[in-house]
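This report concerns only the one structure given below.
Reckoned from all heavy atoms, side chains included, excluding hydrogens, waters and symmetry mates.
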Amino acid sequence: MNKLITLLITLLFVTAAVAQSGKDARIKEIRAAYSQAKKKIDQNGKGGKSLKDMRIILNNLDDEDVPLYAEETIDYYFDETSADGVTKKHPYFIVENWTCHGHLRYREILVNPKDQQVMFCYMKGETDGGFVVETRYYYDTKGKCIEAKHNTHNTWTTDNSEKENAEYYLKIFNMATYNGYFSPLDTQAKVKTTTPKAQRIQQIRSTYAQAKDKIAKNDKAEMPNGIQILIHDLGDEEAPRTTDIKMYFDKACYFISHHSSSMMFDGYSEYLFDPQGENLIFSYTRGREEGNEYEWRYYYDENGKCIETKSNSEDTDEGFYDKRAAKDLQAIFRALMSEGQD
């Protein structure tokens, strides 16, 4: 009996030692990956290589009566691979900076670029009163936290909440870069009676003018509402490309612009939504390639059906691709605003 107890105790010690050894090895691997990621970020865009990053800038006035103005930037760093005509982006590091009414938050997220698994999360938060919270979470290859470090017992996060937050940011990245994400297009009619064509077009033009006026005032405001997404990656023919997306909103998103340019191509689009921010009512696209410039204008009824097309190109599609792009951009906007209001 004593021999059996001794054997069991020995097995327990051996198991614990093996587990500790595996944990130590994993943490060492994470720290090495973190150091390598920092070096890659420092070399991003240097040595003749193109930039490969994405920045989201979100400014939001939560309450006009009691102004709580939040400013947030989320930076992504990634690699790219191309195979069979498909370009895949592999994010490896995410940085968040957030401030609101004297409160500060800084995050770092280390990602395995091979499978987008979260490896490490760091967060430092500070209140306007000077209270500071710091957390570090290390995760194994299955996503389980194996080490947590806190500077105080009054922590604001858990290993699960930080991992979920990191996975949310990865989802936003995949949506904004079309990294395997496309939203479904709703083609079902919503209303039976639509506004007569001439009246509808007049309404749309009036709404467009009002939106442009709101944008001009918003851009000059001390505390503007807006989202900007800047992406530096490789476009067609592997030429460095810059994409600049701007979203304007008050209670709803009413206007989005999308500008993508490289040495090979320059494209610009506008999407105008109804006052509720639900339905696309007008889209404009301009493309310039090899010295030729084309324009498309599409006007839509309440069901999203194109009722008027104006273009100098014979190649038109009644706004199908514009509607799909607008749907994707709306999804990004809603996801970001949902996170921003949590």
State, with a plain yes or no, whether a side-chain heavy atom of [X] is found less than 4.5 Å away from one of [Y].
X    : Y    : result
Q117 : T141 : no
M247 : H258 : no
H259 : D266 : yes
R288 : N292 : no
W296 : T316 : yes
I227 : M337 : yes
Y284 : R286 : yes
F93  : P91  : no

Say whether [X] and [Y] are linked into one hydrophobic cluster, either directly or through other cluster members, by side-chain heavy-atom distances under 4.5 angstrom.
X    : Y    : result
Y169 : M119 : no
I74  : V95  : no
W98  : V133 : no
I229 : F78  : yes
F273 : F333 : yes

Ion pair check, [X] and [Y], cut-off under 4.0 Å:
X    : Y    : answer
R55  : D75  : yes
K163 : E167 : yes
K28  : D24  : no
E308 : K310 : yes
D301 : R200 : no
R107 : E162 : yes
K52  : D233 : no
E80  : K88  : no

Provide the closest heavy-atom pair for [X] versus [Y] in the form atom of the first, atom of the second, distance.
X    : Y    : answer
Y294 : S313 : CD2-CB, 3.8 Å
D159 : C145 : OD2-CB, 3.1 Å
A252 : P275 : CB-O, 3.9 Å
Y298 : G319 : CE2-N, 3.3 Å
I56  : M54  : CD1-CE, 3.9 Å
M123 : T157 : CE-CG2, 3.7 Å

Does the ring center of [X] lie less than 6.0 Å from the ring center of [Y]?
X    : Y    : value
H150 : Y137 : yes
Y139 : F120 : no
Y254 : F249 : no

Residue among I281, L280, T207 satisfying side chain to side chain contact (heavy atoms under 4.5 Å, CB included) with D274: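 For D274, the side chain to side chain contact (heavy atoms under 4.5 Å, CB included) check succeeds only for I281.
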Identified side chain to side chain contact (heavy atoms under 4.5 Å, CB included) counterpart of I256 within the set L272, I245, I332: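 Per the side chain to side chain contact (heavy atoms under 4.5 Å, CB included) rule, the option paired with I256 is I245, out of L272, I245, I332.
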Short side-chain donor-acceptor distance under 3.5 Å, [Y] and [X]:
X    : Y    : answer
N225 : D250 : no
E302 : Y300 : no
H90  : T81  : yes
S82  : T87  : yes
Y122 : E134 : yes
D328 : Y178 : yes

Give, for atom [atom1] of [X] and atom [atom2] of [Y], the distance between the pair rounded to the nearest 0.5 Å.
X    : Y    : atom1 : atom2 : answer
D53  : H232 : CG    : NE2   : 6.0 Å
I231 : R241 : CD1   : CZ    : 8.0 Å
L230 : I57  : CG    : CD1   : 5.5 Å
I204 : Q199 : CD1   : CD    : 11.0 Å
E108 : L110 : CD    : CG    : 9.0 Å
N218 : F255 : CG    : CZ    : 12.5 Å

Verdict with supporting geometry, S50 and L234, side-chain contact (heavy atoms from CB on, under 4.5 Å): CA-CA 8 Å; S50 63; L234 296 177; 3.2 Å; yes
Does [X] reach the main-chain N or O of [Y] with its side chain, forming a donor-acceptor pair under 3.5 Å?
X    : Y    : result
S161 : T158 : yes
N303 : K305 : no
S206 : Q202 : no

Full working for side-chain hydrogen bond (donor to acceptor under 3.5 Å, both in side chains) between D322 and T285: CA-CA 8 Å; D322 282 3; T285 300; 3.3 Å; yes
Step-by-step side-chain contact (heavy atoms from CB on, under 4.5 Å) determination, Y299 to C306: CA-CA 6 Å; Y299 298 79; C306 180; over 6 Å; no
Stacked cation flag K40 on Y92, 6.0 angstrom / 45 deg: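 The answer is yes; both the distance and angle limits are met.
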More than 12 heavy atoms of other residues, nucleotides or ligands under 6.0 Å from [atom1] of [X]: yes or no?
X    : atom1 : value
E295 : CD    : yes
E29  : CD    : yes
F131 : CZ    : yes
K212 : NZ    : yes

Chi angles and distances behind the salt bridge (Lys or Arg N to Asp or Glu O under 4.0 Å) call for E278, R334: CA-CA 11 Å; E278 292 293 328; R334 290 180 182 131; 3.4 Å; yes
Side chain to side chain donor-acceptor pair (under 3.5 Å), paired with Q228, selected from D244, T73, N59: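 So the option named by the test is D244.
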Derivation of the salt bridge (Lys or Arg N to Asp or Glu O under 4.0 Å) call for D42 and K38: CA-CA 6 Å; D42 184 61; K38 286 287 191 176; over 6 Å; no
